[in-house]
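All remarks here apply to the structure that follows.
Remember, it's a predicted structure, so these values are computed and weren't measured experimentally. The chains referred to below are lettered A, B, ... by the order of the sequence lines, with proteins before strands, and numbering in each begins at 1.
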Protein chains: 2
Amino acid sequence: MAVREAPVLVQPEVDACCAPLQATPLEAPEAAELARRFGALSDPVRLRLLSLLATSPDGAVCVCDLVEPVGKSQPTVSHHLKVLRDAGLVTSEKRGTNVWYAAVPAALAGLREALAG
Amino acid sequence: MAVREAPVLVQPEVDACCAPLQATPLEAPEAAELARRFGALSDPVRLRLLSLLATSPDGAVCVCDLVEPVGKSQPTVSHHLKVLRDAGLVTSEKRGTNVWYAAVPAALAGLREALAG
DNA sequence: ACGTAGTATCGACATGCGTCGATGGAATGA
DNA sequence: TCATTCCATCGACGCATGTCGATACTACGT
């Protein structure tokens, strides 16, 4: 928890998954992909982690500073971060022995559009 | 599947669950509630059902017209509709022997706000 | 009263998922 | 070289969830 300098993580490309629910009836493949992404948001621990990243003034947070706030074991936090990363909602970057995570705003925007009216 | 007159369903009150993820770090109770709602969107069948309701020109669809499009058994469709209703994303109304379901746009808007940047 | 059609519920099964302790692996400092 | 710190992976456990067939229930038509 010592003072560290937060790196600025590169934001990955994000592919806009699906058309809005209200546009046209969702087909099976689109629905599966959207469900996978919303599934990443369907756990309270993951939402809190994502919120911690999104509200970080530096834009990135070290894993070591994520474990205590959510009150789960280190392996559990690592697991959830992996789920978020696989869903494209966060990015990570190794910096020495530390790993920094950052939210991907464009990915959140993409999900928002799927819910657009 | 005969021609039926679609009723206009009353839209229920929706309580704005949570502040945006980017506003302030999500606390456990808020996170649990948000996760519950996103969990309702984490299944492809439910997303397709919701999309069918949201794209219906009449604003409401009879259950009997939802079973075939999603390709699941009637009990399974009934189960998913219940999950969506418990999450406040859809409303239902009995009309004779039929039950009509409609999307709740305000609920979708609430989730969109939680993702707002 | 009786049969029929439309939904919801029940019971059961398989699978997925969250959780943790233990372990492995990489990078740093002594 | 060795110990330490940080993070990811593994293995295992219990619980939640998606799915279906069978069944119960309600409203309607005859």
Side-chain angles (χ1 to χ4, degrees), chain A residues 1-7 9 28 31-32 35-50 52-53 60-87 90-102, chain B residues 1-7 9 28 31-32 34-50 53 60-87 90-102:
Chain A
M1 251 256 320
V3 178
R4 284 174 300 273
E5 197 164 351
L9 304 204
R36 214 178 58 84
R37 304 192 186 191
F38 279 125
L41 298 177
S42 69
D43 180 273
V45 175
R46 285 196 289 271
L47 286 175
R48 297 187 69 190
L49 287 171
L50 189 56
L52 284 169
L53 298 180
V61 183
C62 172
V63 174
C64 59
D65 289 330
L66 289 171
V67 173
E68 183 271 337
V70 299
K72 295 294 177 182
S73 72
Q74 178 268 319
T76 296
V77 170
S78 185
H79 163 67
H80 285 305
L81 288 172
K82 175 177 171 55
V83 173
L84 287 171
R85 193 178 44 194
D86 288 347
V90 306
T91 327
S92 65
E93 187 179 315
K94 193 164 187 175
R95 205 84 161 193
T97 61
N98 299 322
V99 177
W100 297 79
Y101 278 81
Chain B
M1 253 254 322
V3 179
R4 285 174 299 273
E5 197 163 353
L9 305 203
L34 243 194
R36 215 179 57 85
R37 304 192 187 190
F38 279 125
L41 298 178
S42 68
D43 181 274
V45 175
R46 285 197 289 271
L47 285 176
R48 296 187 69 189
L49 288 171
L50 189 56
L53 298 180
V61 183
C62 171
V63 173
C64 59
D65 291 330
L66 290 171
V67 173
E68 182 271 336
V70 299
K72 295 293 176 182
S73 71
Q74 179 268 319
T76 294
V77 170
S78 185
H79 163 67
H80 285 305
L81 287 172
K82 176 178 171 55
V83 173
L84 287 171
R85 193 178 44 195
D86 289 347
V90 305
T91 327
S92 66
E93 188 179 316
K94 194 164 189 177
R95 205 84 159 193
T97 62
N98 299 323
V99 177
W100 296 79
Y101 279 80

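You'll find that the side chain of B:Gln74 is closest to C:dT7, out of D:dT9, C:dT7, D:dG18. With distances taken from any side-chain atom of B:Val63 to the nucleotides C:dT7, D:dG18, C:dT19, the minimum falls on C:dT7. Among the nucleotides C:dG18, C:dG6, C:dA8, the one closest to the side chain of B:Val99 is C:dA8. Checking D:dG21, C:dC20, C:dG6 against every side-chain atom of B:Pro75, the shortest atom distance belongs to D:dG21. Among D:dA22, D:dG18, D:dA8, the nucleotide with an atom closest to any side-chain atom of A:Tyr101 is D:dA8.
In this structure, B:Asp86 atom CG and C:dA8 atom P are separated by 12 Å, rounded to whole Å. Going from atom NZ of A:Lys72 over to atom P of C:dC17 covers 17 Å, rounded to whole Å. Taking atom NZ of residue B:Lys82 and atom C1' of nucleotide D:dT17, one finds them 14 Å apart after rounding to whole Å. Distance CH2 (B:Trp100) to P (C:dT7): 9 Å, rounded to an integer number of Å.
In this structure, B:Thr76 does not reach the D:dT19 phosphate: none of its side-chain N or O atoms is under 4.0 Å from OP1 or OP2. Side-chain N/O atoms of B:His79 include none lying less than 4.0 angstrom from OP1 or OP2 on D:dT17. Within the structure, every side-chain polar atom (N or O) of A:Asn98 is placed at least 4.0 Å from both OP1 and OP2 of D:dT5. For A:His80 and C:dC17, the shortest distance from a side-chain N or O to OP1 or OP2 is not below 4.0 Å.
Every residue two or more places apart in sequence or in another chain that forms a salt bridge (Lys or Arg N to Asp or Glu O under 4.0 Å) with A:Lys82 is listed here: A:Asp86. Among residues two or more places apart in sequence or in another chain, the side chain to side chain donor-acceptor pair (under 3.5 Å) test is passed with B:Arg46 by B:His80. Listed by chain and number, the residues in a salt bridge (Lys or Arg N to Asp or Glu O under 4.0 Å) with B:Glu93 are B:Arg95 (sequence neighbours excluded). Looking at residues two or more places apart in sequence or on another chain, you find a side chain to side chain donor-acceptor pair (under 3.5 Å) between B:Ser73 and B:Thr76.
Contacts with DNA chain C (heavy atom under 4.0 Å) in residues 39-50 of chain B: none are found.
The OH atom of A:Tyr101 lies 4.5 Å from the OG atom of A:Ser92; values are rounded to the nearest 0.5 Å. Rounding to the nearest 0.5 angstrom, the gap separating the CG atom in A:Leu53 from the CZ atom in A:Arg48 is 12.5 Å. Between atom CZ of residue A:Arg36 and atom CG of residue B:Asp43 there is a gap of 14.5 Å, rounded to the nearest 0.5 Å.
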Legend entry - Contact letters for nucleotides 25-30 of chain C, in which S counts primed atoms plus P, OP1 and OP2 and B counts the base, heavy atoms under 4.0 Å: -SBS--

Inset, instruction - Decide side-chain contact (heavy atoms from CB on, under 4.5 Å) for A:His79 and A:Val83; before the verdict, give the C-alpha distance in whole Å, the side-chain angles of both, and the deciding distance to 0.1 Å. - result: CA-CA 6 Å; A:His79 163 67; A:Val83 173; 3.9 Å; yes

Legend entry - side-chain contact (heavy atoms from CB on, under 4.5 Å) between B:Val63 and B:Asn98, intermediate numbers included: CA-CA 7 Å; B:Val63 173; B:Asn98 299 323; over 6 Å; no

